[in-house]
Amino acid sequence: MKKLVAAVLTGVMVLSAAACGAKEFDAKGYVQGMLDAQFKGEYAAHAEDTGEDEETVKKQIEDENRSDMETIVKMMGLNPTEEELQECVDLITEGFKKIEYEVQDAVKDENDNYTVDVVVTPIGLLDNVNEILAEKIQGENAVDVSEYMTAFNEAIKESIDQAQTFEKETVTLNVTFTEEGKNRIYSVNEADLTELVTIATHQQ
C-alpha cells in the first residue's frame, strides 16, 4: 500500500519529447508539461512536446492509471466492479492535484543533456489509508467481505482528505537524449521520476 501512488504513476510518466536537430530543446518546459499532465490533468503542453494531440495524451495516462490500479487491487485480493475501479482511479487522480511542485531552470551540460531541479512539497495522500481500512474491515462495525472494495475507496478518500503537507524537498531530474535520424528524443530518467513521486507522495 505504501507504494500505491508511485506504482500508478511511474509506469506512465516516462514519456518522451522530440526535438528537431536545429531547435533548442526546452528542458524546463518539457518537465513542467509532463508533470502538469500527470499530476494536474493539464495536457496541452505535454501533447505539444510529444507531438501528440491532447486526447491521445489524456487517454494514455488514464488507461495506464486504470490498468495499474486494476493490477494493484487484484493483488490485494479485491474484485472490483468497473464502477468501483473507476471510482478508485478518480479518487487517486483528484488526490494527485494536491501535489505542489516548482520546476526550476534547466542546466545544460557539454553533451547537450540537462538537469532540472523540481522543488516539491510532500503530501501524505495515503499516509492513513492502512489504519482507516483496517478499522473498516476489522473494527466493531466491520463490513462484509463483499463490501471491501467500497471500504477501500472510502479509506482512500478519507486519507486524501486528511493529508498533511511536509517541508519542501528538491529532486534533480536528468533529462537525456537518444538520436533517431535527425531528431533527438529526450526523456527523463525513470529512477529520478520514481524518487520524485516517492518524495512528493511522502512514501520514503
Side-chain angles (χ1 to χ4, degrees), residues 4-70 86 88-123 125 160 168-201:
L4 177 60
V5 176
V8 172
L9 276 178
T10 54
V12 71
M13 287 184 66
V14 187
L15 305 175
S16 299
C20 295
K23 180 182 177 182
E24 182 70 16
F25 177 63
D26 178 10
K28 177 182 179 180
Y30 167 52
V31 169
Q32 184 76 55
M34 180 188 63
L35 296 181
D36 288 349
Q38 183 62 67
F39 288 125
K40 304 299 183 183
E42 299 170 2
Y43 306 106
H46 194 61
E48 182 176 353
D49 284 339
T50 57
E52 303 282 359
D53 59 70
E54 288 186 50
E55 282 303 313
T56 298
V57 172
K58 180 175 184 289
K59 186 175 187 306
Q60 179 184 9
I61 291 174
E62 289 178 345
D63 287 352
E64 287 287 345
N65 287 349
R66 185 180 176 85
S67 176
D68 290 343
M69 185 61 72
E70 184 175 18
Q86 188 59 53
C88 186
V89 173
D90 291 343
L91 286 167
I92 294 294
T93 299
E94 285 304 306
F96 291 163
K97 294 179 181 179
K98 292 190 172 189
I99 297 172
E100 298 297 332
Y101 49 88
E102 302 168 18
V103 180
Q104 308 300 299
D105 290 338
V107 177
K108 184 177 181 180
D109 67 18
E110 67 275 11
N111 297 315
D112 291 341
N113 293 309
Y114 298 83
T115 55
V116 180
D117 284 347
V118 180
V119 180
V120 297
T121 303
I123 180 168
L125 294 175
I160 290 173
K168 293 181 178 181
E169 297 188 42
T170 299
V171 180
T172 299
L173 303 181
N174 288 279
V175 185
T176 59
F177 71 87
T178 57
E179 299 278 6
E180 288 192 12
K182 295 182 179 180
N183 290 336
R184 288 179 172 179
I185 308 299
Y186 282 88
S187 62
V188 178
N189 180 273
E190 185 173 0
D192 296 342
L193 283 175
T194 300
E195 181 184 9
L196 172 64
V197 174
T198 300
I199 290 174
T201 54

Open item on the list: Salt bridge or not between R66 and E70? Use side-chain N to carboxylate O under 4.0 Å.
Closed with: no
Anything under 3.5 Å between a donor and an acceptor, one on a side chain of residues 89-103, the other on a protein residue two or more places apart or in another chain? List them.
unit_1 : atom_1 : unit_2 : atom_2 : d
D90    : OD1    : Q86    : NE2    : 2.9
T93    : OG1    : V89    : O      : 2.8
E94    : OE2    : K97    : NZ     : 3.1
K98    : NZ     : I160   : O      : 3.1
Y101   : OH     : L35    : O      : 3.4
Y101   : OH     : D36    : N      : 3.4
Y101   : OH     : D36    : OD1    : 2.5
E102   : OE2    : K168   : NZ     : 3.1

Task: Atom pair CG (D112) and OG1 (T176), whose distance is rounded to the nearest 0.5 Å - done: 12.0 Å
TODO: Please examine the side chains of E195 and L173, heavy atoms only from C-beta on, and report whether any two atoms are closer than 4.5 Å.
DONE: no
- [ ] Find out whether D53 and Y43 are in side-chain contact, i.e. whether some heavy atom of one side chain is under 4.5 Å from a heavy atom of the other.
- [x] no
TODO: Taking all non-hydrogen atoms of both residues into account, name the closest pair between T201 and V197 and its distance.
DONE: OG1-O, 2.6 Å
TODO: For C88 and M69, work out which heavy atoms get closest and say how close.
DONE: SG-SD, 3.4 Å
Task: Contact check, side chains of V116 and Q104, non-hydrogen atoms, under 4.5 Å - done: no
Open item on the list: Less than 4.5 Å apart, side chain to side chain, heavy atoms only: is that true for Y30 and V188?
Closed with: yes
Task: Shortest non-hydrogen contact between H46 and A37, atoms and distance - done: CB-CB, 3.9 Å
- [ ] Please list, chain by chain and in numerical order, all residues satisfying side-chain contact (heavy atoms from CB on, under 4.5 Å) with T115, sequence neighbours excluded.
- [x] V107, T172, N174
Open item on the list: Any heavy-atom pair between the side chains of E55 and K59 that's under 4.5 Å?
Closed with: no
- [ ] State the CD-NZ distance between E42 and K58, to the nearest 0.5 angstrom.
- [x] 13.5 Å
Open item on the list: Determine whether a donor-acceptor pair (N or O, by modelled atom type, separation under 3.5 Å) exists between the side chain of N111 and the backbone of N113.
Closed with: no
- [ ] Given side-chain contact (heavy atoms from CB on, under 4.5 Å), test T50 with V57 step by step and report yes or no.
- [x] CA-CA 9 Å; T50 57; V57 172; 4.1 Å; yes
Open item on the list: For the CD1 atom of I199 and the OG1 atom of T194, what is their distance to the nearest 0.5 Å?
Closed with: 11.0 Å
Open item on the list: Ring-plane angle category for F177 and Y186, please: parallel below 30°, perpendicular beyond 60°, tilted otherwise.
Closed with: tilted
Open item on the list: Using a 3.5 Å distance criterion without hydrogens, assess whether the side chain of N183 forms a donor-acceptor pair with backbone atoms of I185.
Closed with: no
- [ ] Might you point out which heavy atoms bring A45 and G33 nearest each other, and give the distance in Å?
- [x] CB-CA, 4.1 Å
Task: Test item: L196 and V118 side chains (from C-beta on) under 4.5 Å apart, heavy atoms - done: yes
Open item on the list: Determine whether K108 and E24 satisfy the following criterion, salt bridge (charged side-chain N to carboxylate O under 4.0 Å, His left out), listing intermediate values before the conclusion.
Closed with: CA-CA 11 Å; K108 184 177 181 180; E24 182 70 16; 3.3 Å; yes
Open item on the list: I need the minimum non-hydrogen distance between P122 and E169, along with the two atoms involved.
Closed with: CG-OE2, 4.0 Å
